[in-house]
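Index from 1, following the sequence. Only heavy atoms go into these numbers, but all of them, side chains included; no hydrogens, no water, no symmetry mates.
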Amino acid sequence: MLSIAAEDRAGQLGEFRVNEAISKANTLIEAMGWIRRFRGKTTVIKLGGSLLDDEHALMHILLDVIFMETVGMKPVIVHGGGKAINRALAAAGIEPNFVRGRRVTDQPTLEVVERVLAGELNVFLTEEIERLGGRAMNLSFQTTNVLFGEKHLSEDGEDIGFVGEVTRVDRSVIEGLSYTDQVPVIPSMCEGDDGQHYNVNADTAAMAVAQALGAEKLVFLSDVNGVRRDKNDPDTIIHSLSSEEARQLIRDGVIDAGMIPKVEACLETLGRGVRKIHIIDGRLRHSLLLEIFTTSGVGTEINQ
């Protein structure tokens, strides 16, 4: 027989569990409106940088992507891999060199970039999605390439090697995979008309894919939580910005330094058919779901 005190504790525990379950149900109800709104819509997710080196953060990002696909969204991943490439270059005795944020890519560097980016990382991300219960397909030179382009010259016309920019995206292949409930995983490299392979900046590759697909959303997973009024204070994040507000913040110097080219590129992308762009901290657990399926969000949303 349970004592009265034990019965009270059991009753309190049962009530707690019921309240916890109700709280979870309320969360699902809040998400339902957003799920219905974005069901069948494409979201391009740019993944790269330090996040690919953070096993814990990466797992939760990929789980979020699987959830998005499960509830009827059409996520597409475009990834870079700068840190992994730097490690491979160091192992090969090649010194990395950058001009205005773009990696100078000679032939030996290109071979390392292609092996790491279009090979190892591309396969790894696809296999991780499958391991976590989703379905994915890696799209690269080794399988099916979907990014085509041409040689890129620096702003002052300097030749920086085999660096390219995307001029065409094979959207039929990407959309075909999305309609069969698979997540396309695309490395930031492109192929020229002559078959030459090029290294591409991952941000610009993701923008090209989002524009070609007419994506509802383009999400930049970063290691900062978004656009801030004070770049050194995470608590000053601006959750929503119109295009004009963003331009004014650039003029006022609130958006400065390395955030300027990213925001300017976002504004250009918005002008080419993408409806909304998000900049969020990928290190925050389930940041993708929190940004897309909650009212307040956790990053910065930029819209027209």
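For the atom pair CD1 (Ile277) and CD (Gln304), the distance works out to 9.0 Å, reported to the nearest 0.5 Å. In this structure, CE on Met73 lies 3.5 Å from OG1 on Thr43, to the nearest 0.5 angstrom. Rounding to the nearest 0.5 Å gives a distance of 11.0 Å between OG of Ser140 and CD of Glu191. Atom NZ in Lys41 sits 10.0 Å away from atom NZ in Lys276 (nearest 0.5 Å). Distance check, rounded to the nearest 0.5 Å: CG of Leu62 to CG of Leu132 gives 6.0 Å.
Under the 4.5 Å side-chain criterion, counting only non-hydrogen atoms from C-beta, Pro184 is not in contact with Met137. Ile129 has its side chain within reach of Ile77: a pair of non-hydrogen atoms, C-beta onward, lies under 4.5 Å apart. By the 4.5 Å heavy-atom criterion applied to side chains, Ile280 and Leu288 are counted as neighbours. Inter-residue side-chain proximity for Arg115 and Glu120 is flagged as met; some heavy-atom pair is nearer than 4.5 Å. Counting only heavy atoms from C-beta outward, the side chains of Leu147 and Met189 never approach each other to under 4.5 Å. With contacts defined as side-chain heavy-atom distances shorter than 4.5 Å, the pair Asp64/Ile292 does not qualify. Residues Asn225 and Leu284 have side chains not in contact (no heavy-atom distance under 4.5 Å, counting atoms from C-beta outward). Asp281 has its side chain out of reach of Ser287: every pair of non-hydrogen atoms, C-beta onward, lies at least 4.5 Å apart.
Leu52 is linked by a side chain to side chain contact (heavy atoms under 4.5 Å, CB included) to Leu47, Leu58, Leu121, Leu125, counting only residues two or more places apart in sequence or in another chain. Residues passing the side chain to side chain contact (heavy atoms under 4.5 Å, CB included) test with Ala212, sequence neighbours excluded: Val169. Listed by chain and number, the residues in a side chain to side chain contact (heavy atoms under 4.5 Å, CB included) with Thr167 are Glu150 (sequence neighbours excluded). Not a single ring-ring contact (aromatic ring centres under 6.0 Å, His included) links Phe124 to another residue, sequence neighbours left out. Looking at residues two or more places apart in sequence or on another chain, you find no ring-ring contact (aromatic ring centres under 6.0 Å, His included) involving Phe162. Partners of Glu245 under the side chain to side chain contact (heavy atoms under 4.5 Å, CB included) rule, at least two apart in sequence or in another chain, are Leu241, Ser242.
Among all heavy-atom pairs drawn from Ile255 and Ala246, the shortest one is CD1-O, 3.9 Å. The two residues Asp54 and Ala57 come nearest to each other via the heavy atoms OD1-N, 3.1 Å. Here the closest heavy-atom approach between residue Ala88 and residue Val112 is recorded as CB-CG1, 3.5 Å. What you find for Val44 and Ala215 is that their closest heavy atoms are CG2-CB, 4.1 Å. For the pair Leu51 and Gly282, the tightest heavy-atom approach, listed with the atom from each and the gap, is CD2-C, 3.6 Å. When every heavy atom of Val185 is checked against every heavy atom of Ala136, the shortest pair comes out as CG2-CB, 4.2 Å.
With respect to Arg131 and Glu128, a salt bridge is recorded, a charged nitrogen being found less than 4.0 Å from a carboxylate O.
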For residues 194-211, tabulate all N or O donor-acceptor pairs below 3.5 Å that involve a side-chain atom, not counting sequence neighbours.
{"unit_1": "Asp194", "atom_1": "OD1", "unit_2": "Gln196", "atom_2": "N", "d": "3.0"}
{"unit_1": "His197", "atom_1": "ND1", "unit_2": "Glu114", "atom_2": "OE1", "d": "3.0"}
{"unit_1": "His197", "atom_1": "ND1", "unit_2": "Glu114", "atom_2": "OE2", "d": "3.1"}
{"unit_1": "Asn199", "atom_1": "ND2", "unit_2": "Thr105", "atom_2": "OG1", "d": "3.4"}
{"unit_1": "Asn201", "atom_1": "OD1", "unit_2": "Asp203", "atom_2": "N", "d": "3.0"}
{"unit_1": "Asn201", "atom_1": "OD1", "unit_2": "Thr204", "atom_2": "N", "d": "3.0"}
{"unit_1": "Asp203", "atom_1": "OD1", "unit_2": "Lys46", "atom_2": "NZ", "d": "3.1"}
{"unit_1": "Asp203", "atom_1": "OD2", "unit_2": "Lys262", "atom_2": "NZ", "d": "2.9"}
{"unit_1": "Thr204", "atom_1": "OG1", "unit_2": "Asn201", "atom_2": "O", "d": "2.8"}
{"unit_1": "Gln211", "atom_1": "NE2", "unit_2": "Thr269", "atom_2": "OG1", "d": "3.4"}

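The salt bridge (Lys or Arg N to Asp or Glu O under 4.0 Å) with Glu216 is formed by just one residue from the set Arg39, Arg37, Arg275; it is Arg275.
More than 12 heavy atoms of other residues, nucleotides or ligands shown are found within 6.0 angstrom of CZ on Arg135. Residue-environment remark: CD (Glu55) stays at or below the threshold of 12 foreign heavy atoms within 6.0 Å. Residue-environment remark: CG (Asn26) exceeds the threshold of 12 foreign heavy atoms within 6.0 Å.
Put simply, Val123 and Leu139 are part of two different groups of oily side chains (I, L, V, M, F, W, Y) that touch within less than 4.5 Å, one to the next. Using a 4.5 Å cut-off between side-chain heavy atoms of Ile, Leu, Val, Met, Phe, Trp and Tyr, with links allowed through other members, Phe148 and Ile174 fall into different hydrophobic clusters. When the side chains of ILVMFWY residues are joined at heavy-atom separations under 4.5 Å, either directly or via intervening members, Phe141 and Val166 end up in two distinct hydrophobic clusters. Cluster membership for Ile302 and Val274, using ILVMFWY side-chain heavy atoms within less than 4.5 angstrom, is shared. Leu213 and Ile45 fall into different hydrophobic clusters, where Ile, Leu, Val, Met, Phe, Trp and Tyr side chains are chained together by heavy-atom contacts under 4.5 Å.
Checked by atom type and distance alone, the side chain of Lys151 pairs as donor or acceptor with a backbone atom of Gly161 at under 3.5 Å. A distance-only check finds a donor-acceptor pair linking the side chain of Thr143 to the backbone of Asn138 [under 3.5 Å]. Thr300 places no side-chain N or O within 3.5 Å of a backbone atom of Ile279 that could act as its donor or acceptor partner. A donor-acceptor pair is defined here as one N or O able to donate and one able to accept, closer than 3.5 Å; no such pair exists between the side chain of Arg228 and the backbone of Thr236. Checking side-chain atoms of Glu291 against main-chain N and O of Gly299 turns up a donor-acceptor pair under 3.5 Å.
Listed by first then second residue, pairs satisfying ring pair (Phe, Tyr, Trp, His ring centres under 6.0 Å) with a partner in residues 263-294 read His60-His286, Phe67-Phe293, not counting sequence neighbours. Here side chain to side chain donor-acceptor pair (under 3.5 Å) pairs that include residues 66-79, with residues two or more places apart or in two chains, are His79-Asn122. Among residue pairs with one or both ends in residues 80-89, those qualifying as side chain to side chain donor-acceptor pair (under 3.5 Å) are Asp53-Arg87, Asn86-Arg103; sequence neighbours excluded. Every pair tested for ring pair (Phe, Tyr, Trp, His ring centres under 6.0 Å) that includes a residue from residues 17-41 fails, sequence neighbours excluded, so the list is empty. Residue pairs meeting the side chain to side chain donor-acceptor pair (under 3.5 Å) criterion with at least one member in residues 171-183, sequence neighbours excluded: Asp170-Ser172, Arg171-Glu175, Thr180-Gln182.
Side-chain atoms of Asp106 and Thr109 include a donor-acceptor pair closer than 3.5 Å. Looking only at atom types and distance, the side chain of Asn303 has a donor-acceptor partner in the side chain of Glu301 under 3.5 Å away.
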Problem set entry | Stepwise side chain to side chain contact (heavy atoms under 4.5 Å, CB included) check, Leu289 with Met68 | CA-CA 8 Å; Leu289 298 187; Met68 292 166 66; 4.1 Å; yes
